[in-house]
Amino acid sequence: MAHSSGRRRLHAAVAGVVALLTLLGVWTATSAGAAAAGCKVVYTVGGQWSGGFTANVAVTNLGDAVDGWRLAWTFPAAGQKVTQAWNASVTAEGATVTATNASYNGSLATGATASFGFNGSWTGSNPIPTSFSLNGVTCTGSASTGSATPTPTTTTAPPPAGDAAETVAAMQPGWNLGNSLDATGADETSWGNPRVTEALLEGVKAQGFKSIRIPVTWGQHQGGAPAYTIEPAYLARVKEVVDWALADGLYVMINVHHDSWQWLNAMPGAQARYDATWTQIAAAFRDHSSKLVFESVNEPQFTDEAQSEAYLDALNRSFHKIVRGSGGGNATRLLVLPTLHTSADQAHLDALAGTIAALNDKNIAATVHYYGYWPFSVNIAGTTTFDATTQADLTGYLDRSAAAFTAKGIPVIIGEFGLLGFDRSLDAVEQGEKLKFFEFLGWYARQKNITTMLWDNGQHFDRTALTWKDPELYAQIKSSWTTRSGTASTDQVFLAKSAAITDRTVTLNLNGTTFSALRSGNADLVRGTDYTISGDQLTLKAALLTRLAGNREYGVNAKLSVVFSAGVPWRINLISYDTPVAAAASGTTAAFAIPVTFRGDRLATMEAKYADGSNAGPQNWTSFKEFAYTFLPNYTANTVTLTPEFFAEVTDGAKVTLTLHFWSGAKLSYTVTKSGSTVTGATA
């Protein structure tokens, strides 16, 4: 990943739209073919939590081959519903559910199996369905099911046996040296980061990281066919950085990075260049420490989508053959193979699992990347919080990865994780919601024995000062490596200056911890006087809020810390505000900003609609626009900027009504009209 490339964002956006359309029930299903003569189904609940669960379904055709399948079942309990699916289009009529094949998995030969999964919700109980039908014919084959009421994992399970598993476990946690040696410009500073130093790598080690992924883009430092010779000076520089990291005791993973979309996507013609590249890398590092790990390719993608899985299989097999055949330490070095797009869609997991099984090598690991449920990750479609759907996406992603690999003794590395919105603004996801995402991901990955490597392209760890730009985020990430931390429904308590202060209640997410104390600064507040606790309900008393709010200046008046029995405390900001006000303005499509006096409030999201109620602006399948891509608040300048990307997809001459949604719950209406390159704005 890199902020300089929109290719990853485009793929994530398409996947996000598909997922959301499926969730809304408007994705077109493929028609099923003739009925099968027999079938069997394996229905497994991979994870369950209060009100939600994730399930995987495998249907095996025991009859004649079919071209298009439709699997139906009835949920036994009221309240069971499918909320999101992958590798199939799922619809429901009452309790009856129908899953129809995707475009790429509709053909089922005799004995063949198709797999799909879904996230669901439940109330009361969540029993497993007892009867299924394939294309209208009841499945009477030997069916098997997972537990109907699985207990969520709360302890770290031992890693699977094997050399690769031991190495991958020792690599936890990991960090990415992003946007340096992977930059596609003239040198490693071309994307804005300073030249890598030995002190930087020592600083990373001091933060508690055990491994470092060093993405490397080779293409701009290569000669032409047939040798594709890597520039000796560049290869020496990569070796220097690798050797520094190894000398610090870190595990190191290097790869072929942005080459994946620069030239390697033109398979099969790119095979020779890929082979030449890895032949040279393997020779250069054949005698390095076993702590050096090779990753075949970053985020593989191909222009011929229909052949993508076959192309990736060919690359991974060739990579394996070249490295193992080069001898020295490469004969047993850990090799890491990615899924297509490093995605955990079941079809991609299954394809890679087939490749790994065929290689029959105990020193292989699988890798996927995870940047969260897309609407949450970029703040679009009104998904501003780490809600149940966002959490279910995360658990489903890791559950599928674990079921496909770690359960079979093949370790998994999340080679990159973070939030896509960070590419444009670290404010794209609100701080507390961001912290909940990272806390949960770190904990859940640990339950699944999955090693995580934080994506950092210079946005997190300052590579000159060697300090964290957001110490609160780092503290939450670090805590998740060993324990859980309590969180809460919010980290913001808004107190309207125009109204009397009253008691305010915040719901605590204890996450297996217990409440210990509530503090203001270093002083413990008094239970019963300053606050009360009833179960998970923390009530802040009006007298406390009045005292801490002081003279009620707009903005954060005080910060409270909720201390739990484990993990890091949870910060709650006490904020005085009044409803923001806007003013008329004019400008151009290249530079237009709404004058907004925020008065202590903060912008959560923005809607855009035409007079007829239809959605305006980019991604018009939703009225809620993408944070930072279409709009961006500036609290110092008291503006909300509307971007050229927003106006590029606004109808000329049509008035657009914007609704600015603030975290306090306040809303502000504003209209903009584009006429050529001129924009006028007015309060609604």
Check against side chain to side chain donor-acceptor pair (under 3.5 Å), Asp275 and Ser318: CA-CA 7 Å; Asp275 291 351; Ser318 183; 2.6 Å; yes
If you define the side chain from C-beta out and look only at heavy atoms, does anything of Ser296 sit under 4.5 Å from Pro338? yes
Using a 4.5 Å cut-off on heavy atoms from C-beta on, say whether the side chain of Met453 contacts that of Met253. yes
Spatial distance of atom CZ (Arg333) from atom CZ (Arg286) [nearest 0.5 Å]: 10.0 Å
Any side-chain donor near an acceptor of the partner, Thr303 and Asn265, under 3.5 Å: no
Would you kindly check if the NZ (Lys) or CZ (Arg) of Arg424 is within the cone defined by 45 degrees around the ring axis of Phe627 and under 6.0 Å from the six-membered ring centre? no
For the backbone of Asp187 and the side chain of Arg237, can you confirm whether one donor and one acceptor N or O come within less than 3.5 Å of each other? no
Starting at CG of Leu312, measure out to CZ of Phe319 and round the result to the nearest 0.5 Å. 11.5 Å
Looking only at non-hydrogen atoms, find the nearest pair between Ala164 and Ile364 and report the distance. CB-O, 3.6 Å
So among Phe417, Tyr397, Phe440, which one has a ring-ring contact (aromatic ring centres under 6.0 Å, His included) with Tyr370? Tyr397
I'd like to know if the side chain of Gln262 reaches the main chain of Thr184, judged simply by a donor and an acceptor atom lying under 3.5 Å from each other, with no hydrogens or angles considered. no
Within the structure provided, determine whether Leu394 and Tyr373 are in side-chain contact (heavy-atom separation under 4.5 Å). no
When you compare the side chains of Glu439 and Thr487, does any donor N or O come within less than 3.5 Å of an acceptor on the partner? no
Apply side chain to side chain donor-acceptor pair (under 3.5 Å) to Gln459 and Asp423, showing your working. CA-CA 9 Å; Gln459 61 208 170; Asp423 281 356; 4.6 Å; no
Val252 side chain reached by Val293 side chain, heavy atoms, under 4.5 Å: no
Please report the interatomic distance NZ(Lys434) to CD(Glu430), rounded to the nearest 0.5 Å. 8.0 Å
Determine whether Val238 and Ile214 satisfy the following criterion, side-chain contact (heavy atoms from CB on, under 4.5 Å), listing intermediate values before the conclusion. CA-CA 9 Å; Val238 174; Ile214 303 178; 5.8 Å; no
Is Asp248 salt-bridged to Lys205, cutoff N-O under 4.0 Å? no
How about Arg519: does its CZ atom have over 12 heavy atoms from other parts shown lying under 6.0 Å from it? no
Is the count of non-hydrogen atoms from other residues, nucleotides or ligands lying under 6.0 Å from Lys469 atom NZ greater than 12? yes
What are the two closest non-hydrogen atoms of Val568 and Ala475, and how far apart are they? CG1-O, 3.7 Å
Among Phe422, Trp455, Trp468, which residue satisfies the ring-ring contact (aromatic ring centres under 6.0 Å, His included) criterion with His460? Phe422
Kindly say whether Asn193 contributes a backbone atom to a donor-acceptor pair with the side chain of Thr189 at under 3.5 angstrom? no
Regarding Arg273 and Asp259, does a basic nitrogen lie under 4.0 Å from an acidic carboxylate oxygen? no
Less than 4.5 Å apart, any side-chain heavy atom of Asp456 and any of Trp175? yes
Could you measure the distance from the OH atom of Tyr371 to the CG atom of Leu420? Nearest 0.5 Å is fine. 7.0 Å
Ser308 and Leu340: which non-hydrogen atoms are nearest, and at how many Å? CB-CD2, 3.6 Å
Decide whether Ser326 and Asn330 meet the rule of one side-chain donor and one side-chain acceptor closer than 3.5 Å. yes
Distance (rounded to the nearest 0.5 Å) between Ile230 CD1 and His221 NE2: 10.5 Å
Contact between Pro633 and Arg602 at the side-chain level, heavy atoms closer than 4.5 Å - yes or no? no
Side chains of Glu626 and Glu645: closer than 4.5 Å at any heavy-atom pair? no
Answer yes or no: is there a donor N or O on one side and an acceptor on the other, between the side chain of Thr383 and the main chain of Phe376, under 3.5 Å? no
Are Tyr274 and Trp263 near enough that their ring centres are under 6.0 Å apart? no
So, do Trp481 and Phe209 have ring centers that fall under 6.0 Å from each other? yes
Using only atom types and a distance under 3.5 Å, with no angle test, would you say the side chain of Ser289 pairs donor to acceptor with the backbone of Lys291? yes
So, Asn379 side chain and Gly421 main chain: donor-acceptor pair closer than 3.5 Å or not? no
Heavy-atom side-chain proximity of Leu435 to Glu472 below 4.5 angstrom: yes
Would you give the length of the straight line joining atom CG of Leu201 to atom CG of Leu246, rounded to the nearest 0.5 angstrom? 10.0 Å
Which is it for Thr384 and Thr605 under the side chain to side chain donor-acceptor pair (under 3.5 Å) test, yes or no, and what are the steps along the way? CA-CA 7 Å; Thr384 58; Thr605 186; over 6 Å; no
Closest contact, heavy atoms only, Ile450 versus Gln172: O-OE1, 4.3 Å
Is there a donor-acceptor pair closer than 3.5 Å between any side-chain N or O of Glu198 and the backbone N or O of Trp244? no
For the backbone of Gly396 and the side chain of Arg400, can you confirm whether one donor and one acceptor N or O come within less than 3.5 Å of each other? yes
So, Thr643 and Thr630: side-chain donor and acceptor under 3.5 Å apart, yes or no? no
Sidechain N-carboxylate O distance under 4.0 Å for Lys436, Glu433: yes
If we ignore hydrogens and angles and just use 3.5 Å, is the side chain of Arg446 paired with the main-chain N or O of Thr483 as donor and acceptor? yes
Mind checking whether Trp191 and His258 have ring centres under 6.0 Å apart? yes
When Val256 is tested against each of Ile281, Asp182, Leu315 for side-chain contact (heavy atoms from CB on, under 4.5 Å), which residue passes? Ile281
His348 side chain to Glu309 side chain, donor-acceptor N/O pair below 3.5 angstrom: yes
Go through Arg195 and Ser180 one step at a time and tell me if the side chain to side chain donor-acceptor pair (under 3.5 Å) criterion holds. CA-CA 8 Å; Arg195 188 172 171 83; Ser180 286; over 6 Å; no
Looking only at heavy atoms, which two atoms of Asn255 and Val216 are closest? And how far apart? OD1-N, 3.1 Å
Would you name the heavy atoms of Val196 and Leu200 that are closest together and state the gap between them? CG1-CD2, 4.3 Å
With no hydrogens and no angle check, is any side-chain donor or acceptor of Thr167 less than 3.5 Å from a backbone partner on Asp163? yes
